[in-house]
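Here is the structure we will look at.
Just so we're on the same page: letters track the sequence lines, and every chain starts at 1.
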Amino acid sequence: MKFCVTTPIYYVNGDPHIGHAYASIAADILARFKRLDGWEVHFCTGTDEHGIKVARSAEAAGMDVNKFCDVTSQKFRDLGKAIKLSNDDFIRTTEERHIASSRELWRRLAKDVYKDSYSGWYSARDEEYVPEEDLVDGKAPSGAPVEWMEEESYFFRLSAYQDRLLEFYEKNPDFIAPASRRNEVVSFVKSGLRDLSISRSKFDWGIPSPDAPGHVMYVWIDALANYVTSLGFPENIERVSEMMANCIHVVGKEILRFHAVYWPAFLMSAGLTLPKRIFAHGWWTSEGQKMSKSIGNVVDPQEIVEKYGLDPIRYFLFREIRFGEDGDFSENALRRRISYDLANDLGNLVQRVLTFVQKIGGLRVNYDFGADERPLFDDSRNLVEKLRVLMDKQDLNGALGEIWRLISFSNRFVDHMKPWELAKTNESKLDLVLTALCESIRAIAFGIAPFMPDTAGKIFDFMNVEGKSFREINVNFTNPTFKPPFPLFPKE
RNA sequence: CGCGGGGUAGAGCAGUCUGGUAGCUCAUCAGGCUCAUAACCUGAAGGUCGGAGGUUCAAAUCCUCCCCCCGCAACCA
């Protein structure tokens with residue numbers, strides 16, 4: 001039972017923002033869920049460091065390019081710490097292992113690679129080709145003059161993979177998610193694929209293409225290869241195959257095409273196993289507007305985590321919208337979620353039940369459930385199975401909805417059973433009710449653990465539960481000693 | 001006529017295939033209850049279902065036309 005999940009490797013050209021944190025946390029949640037469910041997991045993230053833009057940024061900053069990459073890559077590593085990523089690997093495309101892996105991948109593409117020339121409108125000032133339709137009055141969008149250029153380039157025979165790709169999408173309808181994105185990709189491929197220029201000779205900040213002096217690899221070959229590098233390519237092919245077969249690439253919608261079209265074609269050509277799914281997530285606006293530096297509404301993940309705490313942010317990002325769609329990040333909405341969902345529903349449930357257990361001197365376990373307690377107990381024990389189905393579809397929003405159904409049911413159960421009255425009138429009934437509630441709280445803690453590891457940890461600690469595996473849910477409590485709880489999401 | 005998705009209560013969405021009193025979650029208001037960071041129960045307010053026409057006893061749902069929004073449209077990480 002092997003499972004692999006990846007984030008995009010982040011381009012070191014800019015600083016981390018909430019979008020990076022979002023993709024990373026999504027992958028982290030999937031990874032943590034699978035680990036709790038007993039799978040061997042490989043969760044990888046990292047930074048993409050080659051390409052003309054990085055070289056130029058380094059120059060603009062007056063820094064050596066290697067040094068520049070060290071500094072910016074570290075920012076993403078720091079972000080990972082701040083949002084408690086449980087990644088097993090952090091890859092940098094400038095690492096030796098990756099350079100070797102990319103070059104080997106290139107060699108394996110050989111039968112589909114040929115040398116030709118690439119031509120187009122080139123802006124010397126911007127150092128890039130400008131697509132014909134982007135020209136403004138015969139100039140680059142930046143206003144720079146363009147000239148018709150031709151340069152030698154290696155090409156990948158992408159056109160040869162059109163039918164194979166379409167057949168693959170047909171046979172694997174869930175390869176691209178969400179479904180709306182799949183349609184975009186399929187219609188893109190159907191419209192006809194052109195061969196892909198995969199080398200550059202105008203700059204040298206890249207991985208040298210094997211057997212092609214003066215050429216470095218097109219950054220996307222280099223970047224995509226990170227996924228197999230991290231799994232041990234080319235030395236450990238067996239592991240690469242096993243992991244890729246059950247691998248989810250979490251990507252932003254803006255880079256879906258590279259992952260859903262080019263990457264499978266490269267893998268087919270190289271004779272490697274294709275990933276199980278490409279999941280394209282949506283984008284966040286901020287307070288109803290597109291995030292932009294000039295408006296000043298770019299959400300800095302570390303700042304917002306410091307202000308509201310990590311778990312509330314991790315919760316909000318996946319509760320507020322369906323994973324795969326766009327959403328709006330607003331502090332009002334965030335505060336509402338914290339107050340209503342976290343403090344009032346979850347926090348209060350744990351508090352009212354565990355405080356009560358303390359008050360009567362500890363839980364006296366009784367599992368002889370009757371018709372009153374049975375439904376709650378069954379829902380608690382069945383929660384993980386329901387979550388499994390949803391998590392396999394990366395329906396993170398649905399999973400949280402399912403957990404909150406159990407929270408809400410538990411709160412209703414307390415209100416109906418009135419344990420404070422049972423304490424005076426019917427102690428054995430009270431024991432049944434509290435046992436059922438402790439069962440549900442434990443199940444809820446496991447359910448939220450992938451999303452809010454710290455909060456789950458606190459509940460596990462209150463209840464002296466290890467919290468390492470979903471299997472613990474199926475073990476009956478045996479007159480446990482609990483610790484006095486404290487509010488999980490205190491209000492001012 | 002490039003391809004695709006969508007316009008339903010303050011917000012987010014379901015319902016459209018297989019016509020029949022317009023629904024869910026959250027938010028709002030009133031009353032009840034109170035073990036708790038409170039929750040729960042009961043009731044209420046709020047929509048000409050993008051627009052116009054048509055079919056039908058009956059249309060959010062079928063047909064026609066129109067308006068608006070949003071993706072994708074290749075070497076951009």
B:rU28 phosphate, OP1 or OP2: any side-chain N/O from A:Y340 under 4.0 angstrom?
-> yes

Side chain to side chain contact (heavy atoms under 4.5 Å, CB included) involving A:N172 - partner list, sequence neighbours excluded | A:F168, A:F175

Expected list for residues 191-206 of chain A near RNA chain B, using heavy atoms below 4.0 Å, is A:G192, A:L193, A:R194, A:D195, A:L196, A:S197, A:R200

So does A:D415 reach the base of B:rC35 with its side chain, donor to acceptor, closer than 3.5 Å?
-> yes

So what does A:G347 hit on the nucleic acid, given a heavy-atom distance under 4.0 Å: a base, only sugar-phosphate, or nothing?
-> base

Pairwise P distance for B:rA27 and B:rG20, with rounding to whole Å | 31 Å

Enumerate the protein-to-nucleotides 69-72 of chain B contacts in which both atoms are nitrogen or oxygen and the separation is below 3.5 Å.
from: B:rG71; atom 1: O2'; to: A:R181; atom 2: NH1; distance (Å): 2.8
from: B:rG71; atom 1: O2'; to: A:E184; atom 2: OE2; distance (Å): 2.4

The side chain to side chain donor-acceptor pair (under 3.5 Å) partners of A:T93 (sequence neighbours excluded) come to none

Between B:rG7 and B:rC76, how far is it from one C1' atom to the other, in whole Å?
-> 31 Å

Residue list, side chain to side chain contact (heavy atoms under 4.5 Å, CB included) with A:T285, at least two apart or on another chain | A:D328

Parallel, tilted or perpendicular: which fits the ring planes of A:F413 and A:F409, with parallel below 30° and perpendicular above 60°?
-> perpendicular

Under the side chain to side chain contact (heavy atoms under 4.5 Å, CB included) test, which residues partner A:A270, sequence neighbours left out?
-> A:L105, A:R108, A:L109, A:L272

For A:I9 and A:R319, take the nucleotide of RNA chain B holding the closest heavy atom to each; which residue's nucleotide lies nearer the 5' end?
-> A:R319

Does any N or O in the side chain of A:R103 come within less than 3.5 Å of the main-chain N or O of A:P208, such that one atom is a donor and the other an acceptor?
-> yes

Which whole-number value in Å describes the distance from A:D345 CG to B:rA39 C1'?
-> 8 Å

With both distances under 3.5 Å as the test, what is the Watson-Crick or G-U wobble partner of B:rU55?
-> none

B:rG6 versus B:rG15 - spacing of their P atoms, nearest Å = 10 Å

Could you check whether A:N348 gets within reach of a base, just the sugar-phosphate, or nothing at all, counting any heavy atom under 4.0 Å?
-> base

A:R200: salt bridge (Lys or Arg N to Asp or Glu O under 4.0 Å) partners, not counting sequence neighbours | none

To the nearest angstrom, how far is A:M417 atom CE from B:rC35 atom P?
-> 17 Å

A:N226 backbone acceptor or donor facing A:S230 side chain under 3.5 Å = no

Partner residues of A:K307 under the side chain to side chain contact (heavy atoms under 4.5 Å, CB included) criterion, sequence neighbours left out | A:E331

Does the side chain of A:S101 come under 3.5 Å of the side chain of A:R97 through a donor N or O and an acceptor N or O?
-> no

If pairing requires Watson-Crick or G-U wobble contacts with both distances under 3.5 Å, which nucleotide is the partner of B:rC13?
-> B:rG23

Which value, rounded to the nearest 0.5 Å, describes the distance between A:R182 atom CZ and A:S187 atom OG?
-> 11.5 Å

B:rA60 - base-pair partner by Watson-Crick or wobble geometry, distances under 3.5 Å = none

Nearest-angstrom distance, P atom, B:rC24 to B:rU42 | 13 Å

Keeping the roles fixed (side chain from A:S209, backbone from A:A212), state whether a donor-acceptor pair exists under 3.5 Å.
-> no

Closest to the A:F356 side chain: B:rU37, B:rC35, B:rC76?
-> B:rC35

Taking RNA chain B as the partner, which of residues 484-491 of chain A come within under 4.0 angstrom of it by heavy atom?
-> A:P487, A:L488, A:F489, A:K491

Short side-chain N/O contact to B:rA39 OP1/OP2 from A:N344, under 4.0 Å | yes

Rounded to whole angstroms, how far apart are CG on A:D395 and C1' on B:rC13?
-> 14 Å

Of all the nucleotides listed (B:rA27, B:rC75, B:rC40), which has the minimum atom distance to the side chain of A:R336?
-> B:rA27

A:W263 has an atom CH2; how far is it from atom P of B:rC75, in whole Å?
-> 21 Å

Report which part of the nucleic acid A:A223 touches: base, sugar-phosphate, or nothing (heavy-atom distance under 4.0 Å, all strands).
-> nothing

Set of ring-ring contact (aromatic ring centres under 6.0 Å, His included) partners for A:H20, sequence neighbours left out = A:Y10, A:H17, A:F76

Nearest whole angstrom, please: distance from the P of B:rU42 to the CZ of A:R412.
-> 10 Å

How close or far is atom P of B:rC75 from atom OH of A:Y262, stated in whole angstroms?
-> 8 Å

Could you write out each protein N or O paired with an N or O of nucleotides 5-12 of chain B at a distance under 3.5 Å?
none

Pair partner, B:rC29 [Watson-Crick or wobble, under 3.5 Å] | B:rG43

Aromatic ring proximity, centroids under 6.0 angstrom, A:H281 and A:F318 | no

Nucleotide forming a Watson-Crick or wobble pair with B:rA74, both distances under 3.5 Å | none

Closest-nucleotide ordering on RNA chain B, the 5'-leading residue of A:H20 and A:W420 = A:W420

Considering residues at least two apart in sequence or located in another chain, which fulfil the ring-ring contact (aromatic ring centres under 6.0 Å, His included) criterion with A:Y11?
-> none

Using Watson-Crick geometry (N1-N3 plus N6-O4 or O6-N4) or G-U wobble (N1-O2, O6-N3), each under 3.5 Å, B:rC35 is paired with none

Whole Å only: how far is the NZ atom of A:K458 from the C1' atom of B:rU37?
-> 13 Å

When the ring planes of A:F329 and A:F316 are compared, do they come out parallel, tilted or perpendicular, using 30° and 60° as the limits?
-> perpendicular

Check: A:D195/A:S159 side-chain N/O donor and acceptor closer than 3.5 Å = yes

Rounded P spacing from B:rC69 to B:rU8 in Å | 15 Å

How long is the line joining CG of A:L363 and C1' of B:rC35, in whole Å?
-> 16 Å

Interatomic distance at C1', B:rU21 relative to B:rG53, whole Å | 25 Å

Considering only atom P, compute the distance from B:rG31 to B:rG12 and round it to an integer number of Å.
-> 31 Å

Rounded distance in Å between the P positions of B:rU16 and B:rA60 | 14 Å

